[in-house]
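Right, one structure below, let's go through it.
This is a predicted model, so every value here is computed, not measured. What's counted below: heavy atoms across the whole structure, side chains too, no hydrogens, waters or symmetry copies.
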Amino acid sequence: MNKHLRRGTATLAVAAALLSGGLSSCTKDLDRYPFYDLNTESVYRDPANYIQVLAKLYAGFNLSGQGTTGSPDVFEGDGLDEGETSYLRAYWYLQELATDEAVVAWNSGPLQELNKTTWTSSNDLMRNSYTRIFYEITACNEFIRETTDDKLSERNIAGQDAVNARLFRAEARFLRALAYYHALDLYGNVPLVTEAGVPGNELPKQATRAEVFAYIESELKAVEPLLNKPQQGPYGRADQGAAWALLAKLYLNAEVYTGTARYTDCLTYCNKVLGGGYSLAPEYAQIFMADNNVKAKSEIIFPITSDGLASQTYGGTTYLIHAAIGGRMLGSAFGVSSGWAGNRTRKNLPLLFPENAEGFDSRAMFFTIGQELEINDLTVFTDGYGVTKWSNKKSTGANGSDPTGTFVDTDFPVLRLADVYLMYAEAVLRGGQGGSQAQALTYVNDLRDRAYGNKFSGGTAGRITLAELTAPNFILDERGRELYWECTRRTDLIRFGRFTSGSYLWPWKGGVKEGKGVSDNLNLYPIPSTDIVANPTLKQNPGY
């Protein structure tokens, strides 16, 4: 909601400093300054606090507040599930439950509206994601505002401390651009507020989708030279590779966002990533395990990190793992204590993996015992295959770090190399300059070699030809096989013109069992009605 964009700077700075590092990291500061004097200036005059505030900005994509429950950053009303309001979980709902890849069994009105593609502007889940996005933007704006060269000079922060602060500021600008990218993709014309705005001065002004696109593009290009080189900074932090990959994703979808295709630009930034020293993880399953920060580090360009002891939340991958376990599935098989009997898949996803006489596609990670392929009742967990992709097991077989089996260690790969391979191939096939169909075929077959275990067997199972690569919708289907349940599907279906169309259906699309086409206005989610009331200058998206 826009009220979060206007929140005072002192409160946010204090919250950021306290929330990011835990009590032990704040001890010296609390000894030095009385608690009642902990305000914006007292936080930012000590350069040791800067990394803590930055940590809060990163944590904002995963954690809901100070603890697992009871102290949320964003209060949306009594009785709401705090875990459901966390950034990644709220985003996953909108990107996956509205598509052919996932349904949820919980008999919640807003969730079932996503299952059926029948939501309205009063749906709480639209507000959850929108509010989280703009809270993150607000937090980033304040940190960026407080780390200008002038501010550093005023506070006598110099030398290596100043160098660090400038790097942290560039990372914060990347995180803000990522949040704005999500706002652009989900909601279209949204308020555009930067560090130049004075909190509380005026109602945030709505920008067009093209203006938001241009802003994200300019920010990512501006911070590119200021960030660490690819894989040269600490794992989990934004670097040049992250900026390049996000620019590639922005340009891949430019025709949807602005009406102008930018596939050559997409290839330019794919090529930068591809020259950044990244490599595919040896096994597909390792990307989604509790030690993916080690086993898949070479592939993960930018993650939302998790730690079952240090960053406990009922959102993030804790949600993705627990909510996918039900029926005859055992939590112990996934390194957790229990299942929440929520998420499973519609039939379209498993049908993307036809039987292959030459071998088995290891990306087909489904639980079928006691589960039906068809979904007769959306609220029955055993209708629809289970998905076993996400796990709190390490590659060694050990569980994650939380001995209770509640919270998980598995990181969520927001940007990874396999996605860049597929973006490269799609941009080439859509006419972008700076790549070749032969190289595109190589990249796709690299993914299929991993999926079919060819590296270990020396075989060629699952490999495709150029004719197969260029077949209609092959790339969309391959993206489904490689990236399902990773928050890409809604965006991909829209780009291929298949999200609302009656020419491509899935069970319960449009609210009927066999599926039906829906209105094109659903390609955008509505600006939450609560925000329209709070800021009358905003215009609602068409059709709501």
Side-chain angles (χ1 to χ4, degrees), residues 91 94-95 98-100 177-190 192 206-221 243-274 414-415 419-437 439-440 443-444 469-480 482-483 486-504 517-526 541-543:
Y91 182 59
L94 300 191
Q95 285 291 86
T99 77
D100 57 351
L178 177 61
Y180 265 124
Y181 171 76
H182 292 153
L184 168 77
D185 184 68
L186 295 170
Y187 303 102
N189 304 332
V190 295
L192 182 57
Q206 192 170 19
T208 68
R209 211 175 192 188
E211 289 170 338
V212 179
F213 178 99
Y215 173 73
I216 298 168
E217 177 186 24
S218 64
E219 276 293 282
L220 291 172
K221 287 184 174 182
W244 297 336
L246 186 54
L247 274 165
K249 193 172 285 285
L250 184 71
Y251 289 132
L252 184 68
N253 292 286
E255 193 165 8
V256 172
Y257 300 151
T258 70
T260 301
R262 301 285 294 275
Y263 299 114
T264 294
D265 290 319
C266 177
L267 281 170
T268 295
Y269 284 92
C270 284
N271 284 326
K272 288 193 174 191
V273 174
L274 295 167
V414 178
L415 301 165
D419 190 2
V420 177
Y421 279 8
L422 292 169
M423 287 196 286
Y424 178 102
E426 183 178 339
V428 165
L429 296 179
R430 289 182 181 271
Q433 302 299 304
S436 70
Q437 290 191 359
Q439 185 61 64
Y443 286 141
V444 171
L469 175 68
T470 56
N473 296 313
F474 173 84
I475 288 293
L476 177 63
D477 291 348
E478 191 67 13
R479 288 185 65 83
E482 180 70 29
L483 300 168
E486 294 182 56
C487 294
T488 69
R489 191 59 173 176
R490 171 189 158 275
T491 305
D492 291 344
L493 287 170
I494 290 171
R495 189 172 63 256
F496 278 83
R498 307 191 82 186
F499 184 63
T500 58
S501 170
S503 65
Y504 178 64
V518 296
S519 172
D520 286 343
N521 79 287
L522 298 180
N523 282 322
L524 278 176
Y525 286 116
N541 287 327

**Item:** Any residue meeting salt bridge (charged side-chain N to carboxylate O under 4.0 Å, His left out) with Asp419, in chain and number order, not counting sequence neighbours
**Value:** Lys249, Arg479
**Message:** Under the rule for ring-ring contact (aromatic ring centres under 6.0 Å, His included), what residues qualify as partners of Tyr257, not counting sequence neighbours?
**Reply:** none
**Asked** Residues in ring-ring contact (aromatic ring centres under 6.0 Å, His included) with Tyr215, at least two apart?
**Response** Tyr180
**Request:** Would you indicate whether the side-chain heavy atoms of Thr99 and Phe499 approach each other to under 4.5 Å?
**Result:** yes
**Side chain proximity check, Leu184 to Leu250, heavy atoms < 4.5 angstrom** = yes
[X] [atom1] to [Y] [atom2] distance, which is reported to the nearest 0.5 Å:
{"X": "Asp492", "Y": "Ile475", "atom1": "CG", "atom2": "CD1", "value": "10.5 Å"}
{"X": "Leu220", "Y": "Leu246", "atom1": "CG", "atom2": "CG", "value": "5.0 Å"}
{"X": "Arg489", "Y": "Asp100", "atom1": "CZ", "atom2": "CG", "value": "4.0 Å"}
{"X": "Tyr181", "Y": "Leu186", "atom1": "OH", "atom2": "CG", "value": "9.0 Å"}

**Residues Tyr187, Leu94; criterion side-chain contact (heavy atoms from CB on, under 4.5 Å); working and verdict** = CA-CA 11 Å; Tyr187 303 102; Leu94 300 191; 3.6 Å; yes
For [X], side-chain hydrogen bond (donor to acceptor under 3.5 Å, both in side chains) partners two or more places apart:
{"X": "Glu219", "value": "Arg173, Arg176"}
{"X": "Tyr251", "value": "Glu217, Lys221"}
{"X": "Asp477", "value": "none"}
{"X": "Asn473", "value": "none"}

Closest non-hydrogen atom pair, [X] against [Y]:
{"X": "Lys272", "Y": "Trp244", "answer": "O-CZ3, 3.3 Å"}
{"X": "Thr500", "Y": "Ser519", "answer": "CG2-O, 3.4 Å"}
{"X": "Tyr91", "Y": "Cys487", "answer": "CE2-CB, 3.6 Å"}
{"X": "Arg498", "Y": "Leu476", "answer": "CD-CD2, 3.5 Å"}
{"X": "Ala207", "Y": "Val212", "answer": "CB-CG2, 3.8 Å"}

Pairing residues for [X] by the side chain to side chain contact (heavy atoms under 4.5 Å, CB included) criterion, not counting sequence neighbours:
{"X": "Leu524", "value": "Arg209, Asn541"}
{"X": "Ala210", "value": "Thr208, Thr258"}
{"X": "Ser501", "value": "Ser503"}
{"X": "Thr268", "value": "none"}

**Request:** Determine yes or no for a side-chain-to-main-chain donor-acceptor pair under 3.5 angstrom, with Asp185 supplying the side chain and Thr491 the backbone.
**Result:** no
Distance-only criterion, 3.5 Å: show the donor-acceptor pairs between side-chain atoms of residues 422-429 and protein atoms not counting sequence neighbours.
| unit_1 | atom_1 | unit_2 | atom_2 | d |
| --- | --- | --- | --- | --- |
| Tyr424 | OH | Ser436 | N | 3.1 |
| Glu426 | OE1 | Arg495 | NH2 | 3.0 |
| Glu426 | OE2 | Arg430 | NE | 2.8 |
| Glu426 | OE2 | Arg430 | NH2 | 3.3 |
| Glu426 | OE2 | Arg495 | NE | 2.6 |

